[in-house]
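Down below is the structure, laid out as structure tokens.
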Amino acid sequence: MSNTLGCLVLHGFAGDIRDVLPLAQALREAGCHVECPTLEGHGADRRRLAQSTRHDWLRSAEEAYKRLAMRADPIVVIGFSMGGLLAFHVASRHPVHLLVTINTPYHYWEVRQALRNLREDFATHSRRYVNSLVKIPLRSMLQFRRLLAETKPLLPNIRVPYVLLQSRRDDTVRPSSAEHLAKSVAAEAGARITWYDNSGHMLLHSPDRDDAIARILDAIREHSPASRNSAGGESE
């Protein structure tokens, strides 16, 4: 078994690995083994997404965890948006040294921020919101809602160190979600929130990107003694 730290990085709903690619690249450059899977039904077209279920998405995450566990120990799980919900499931079923979620929902759709965005730049944001509605099948949205509902009862069982990153200008996830998540996990997790004032939902493609990545690397160094030796590990 390698003593190199492993990082499982999970993208968001109806997205793909581009959601989290800057982070995955930074982790590889830091010497970590990285698994960054494309969730079942994602990264293709609307029909493929509609054919997949929340169980398929979770299976993709767990299979990636198992691949990573074959060559790395300990393991950090990092989830962006819906990927954070999947990360809770992985952490409740498998050994995890540190859990990080980025703009992960407890409550969905921040309507007030979306309206502010439309007032500031209607042409840009209206196209983006319409494209999202066209891209995401109703069946898939219902699967997402079920995943969110099924995740909440797991939260009190999360006892591993837990770090949250949340954008205040998030128009997809209500920023108050971070506070609810932090309060819902076990006290042993020592949940800590880092807020970002200048970014929307896509935090890893935002003005705060470098600060967010640095925060995650700092958390890994703080909580994972093995990471001190990870510079000698092979980059995947």
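Any value given below was found using the heavy atoms of this structure, including those in side chains, with hydrogens, waters and symmetry copies removed.
- In this structure, CG in D170 is found 10.0 Å from CH2 in W195, a value given to the nearest 0.5 Å.
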For H94 and Y65, what are the C-alpha separation, side-chain angles and deciding distance, and is it a ring-ring contact (aromatic ring centres under 6.0 Å, His included)? CA-CA 9 Å; H94 303 283; Y65 175 95; 4.7 Å; yes
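- Every side-chain contact (heavy atoms from CB on, under 4.5 Å) that A191 has, sequence neighbours left out, goes to Y162, L164, A182, V185.
- Listed by first and then second residue, the salt bridge (charged side-chain N to carboxylate O under 4.0 Å, His left out) pairs that reach into residues 85-99 are E62-R93, sequence neighbours excluded.
- Remark: side-chain polar atoms of H223 are not paired, donor with acceptor, to backbone N or O of P161 under 3.5 angstrom.
- By the side-chain contact (heavy atoms from CB on, under 4.5 Å) test, S177 pairs with Y106, H107, V173, R174, sequence neighbours left out.
- Among all heavy-atom pairs drawn from V96 and A91, the shortest one is CG2-CA, 3.7 Å.
- Other residues, nucleotides and ligands place more than 12 heavy atoms under 6.0 Å from the NZ atom of K152.
- Between the side chain of N198 and the backbone N or O of P207, no donor-acceptor pair lies under 3.5 Å.
- Atom CZ of R169 sits about 9.0 Å away from atom OG of S199, to the nearest 0.5 Å.
- Under the salt bridge (Lys or Arg N to Asp or Glu O under 4.0 Å) criterion, R192 pairs with E222, sequence neighbours left out.
- Under a 3.5 Å cut-off, the side chain of S81 and the backbone N or O of G83 do not form any donor-acceptor pair.
- Distance alone, capped at 3.5 Å, is enough to place a donor-acceptor pair between the S184 side chain and the H180 backbone.
- In this structure, R59 pairs ionically with D56, as a charged nitrogen and a carboxylate oxygen lie closer than 4.0 Å.
- Within a 6.0 Å radius of CZ in R139, more than 12 heavy atoms belonging to other residues, nucleotides or ligands are found.
- Inter-residue side-chain proximity for T104 and L85 is flagged as met; some heavy-atom pair is nearer than 4.5 Å.
- Considering only residues two or more places apart in sequence or on other chains, R159 meets the salt bridge (Lys or Arg N to Asp or Glu O under 4.0 Å) condition with E188.
- Here L148 contributes atom CG and F88 contributes atom CZ; the two are 10.5 Å apart, rounded to the nearest 0.5 Å.
- Between V9 and L23, the closest side-chain pair of non-hydrogen atoms falls below 4.5 Å.
- Looking at V76 and L5, their side chains come closer than 4.5 Å, going by heavy atoms from C-beta outward.
- Looking at heavy atoms from C-beta onward, L217 lies in side-chain contact with L27 at the 4.5 angstrom threshold.
- D211 is linked by a salt bridge (Lys or Arg N to Asp or Glu O under 4.0 Å) to nothing, counting only residues two or more places apart in sequence or in another chain.
- How far CZ of R145 is from CG of L138: 10.5 Å, rounded to the nearest 0.5 Å.
- Pairing each heavy atom of I75 with each of P95, the nearest pair is CB-O, 4.5 Å.
- D19 has its side chain out of reach of L204: every pair of non-hydrogen atoms, C-beta onward, lies at least 4.5 Å apart.
- Side-chain contact check for L68 versus H33: some heavy-atom pair is nearer than 4.5 Å.
- Classification of R48 and D45 as a salt-bridged pair fails, no side-chain N sitting under 4.0 Å from a carboxylate O.
- Qualifying side chain to side chain donor-acceptor pair (under 3.5 Å) partners for S60, counting only residues two or more places apart in sequence or in other chains: none.
- A distance of 11.0 Å separates CG of D208 from CZ of R168, quoted to the nearest 0.5 Å.
- Residues forming a side-chain contact (heavy atoms from CB on, under 4.5 Å) with R146 (at least two apart in sequence, or on another chain): R54, Q143, E150.
- Taking the six-membered ring for Trp and thresholds of 30 and 60 degrees, F13 and H42 have ring planes more than 60 degrees apart, a perpendicular arrangement.
- Residues A87 and L99 come closest through the heavy atom pair CB-CD1, 3.6 Å.
- By the 4.5 Å heavy-atom criterion applied to side chains, I102 and Q166 are not counted as neighbours.
- The minimum heavy-atom distance linking A189 with V160 is given by the pair CB-O, 3.1 Å.
- Residues H89 and T151 have side chains that bring a donor and an acceptor to within less than 3.5 angstrom of each other.
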Stepwise, does the salt bridge (Lys or Arg N to Asp or Glu O under 4.0 Å) test hold for R221 with D218? CA-CA 5 Å; R221 283 190 286 267; D218 285 345; 2.5 Å; yes
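- Taking every heavy atom of both residues into account, V20 and C36 meet most closely at CG2-SG, 3.5 Å.
- Judged as a side chain to side chain donor-acceptor pair (under 3.5 Å), and not counting sequence neighbours, S92 has no contacts.
- Residues passing the salt bridge (Lys or Arg N to Asp or Glu O under 4.0 Å) test with R18 are D16, sequence neighbours excluded.
- For the side-chain contact (heavy atoms from CB on, under 4.5 Å) test, residues two or more places apart in sequence or in another chain that qualify with P22 are H205, R209, I213.
- Applying the salt bridge (charged side-chain N to carboxylate O under 4.0 Å, His left out) test to pairs two or more places apart or on separate chains, those with a residue in residues 32-43 are E35-R67, E35-R71.
- Side-chain contact between S206 and Y196: absent, with no pair of heavy atoms (C-beta onward) separated by less than 4.5 Å.
- A donor-acceptor pair under 3.5 Å is formed between the side chain of N103 and the backbone N or O of S167.
- Here the closest heavy-atom approach between residue T194 and residue R215 is recorded as OG1-NE, 2.9 Å.
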Step by step, work out the side chain to side chain contact (heavy atoms under 4.5 Å, CB included) result for I216 and I78. CA-CA 9 Å; I216 293 170; I78 304 167; 3.9 Å; yes
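- Atom CG of residue L147 and atom NE2 of residue H55 lie 9.5 Å apart, to the nearest 0.5 angstrom.
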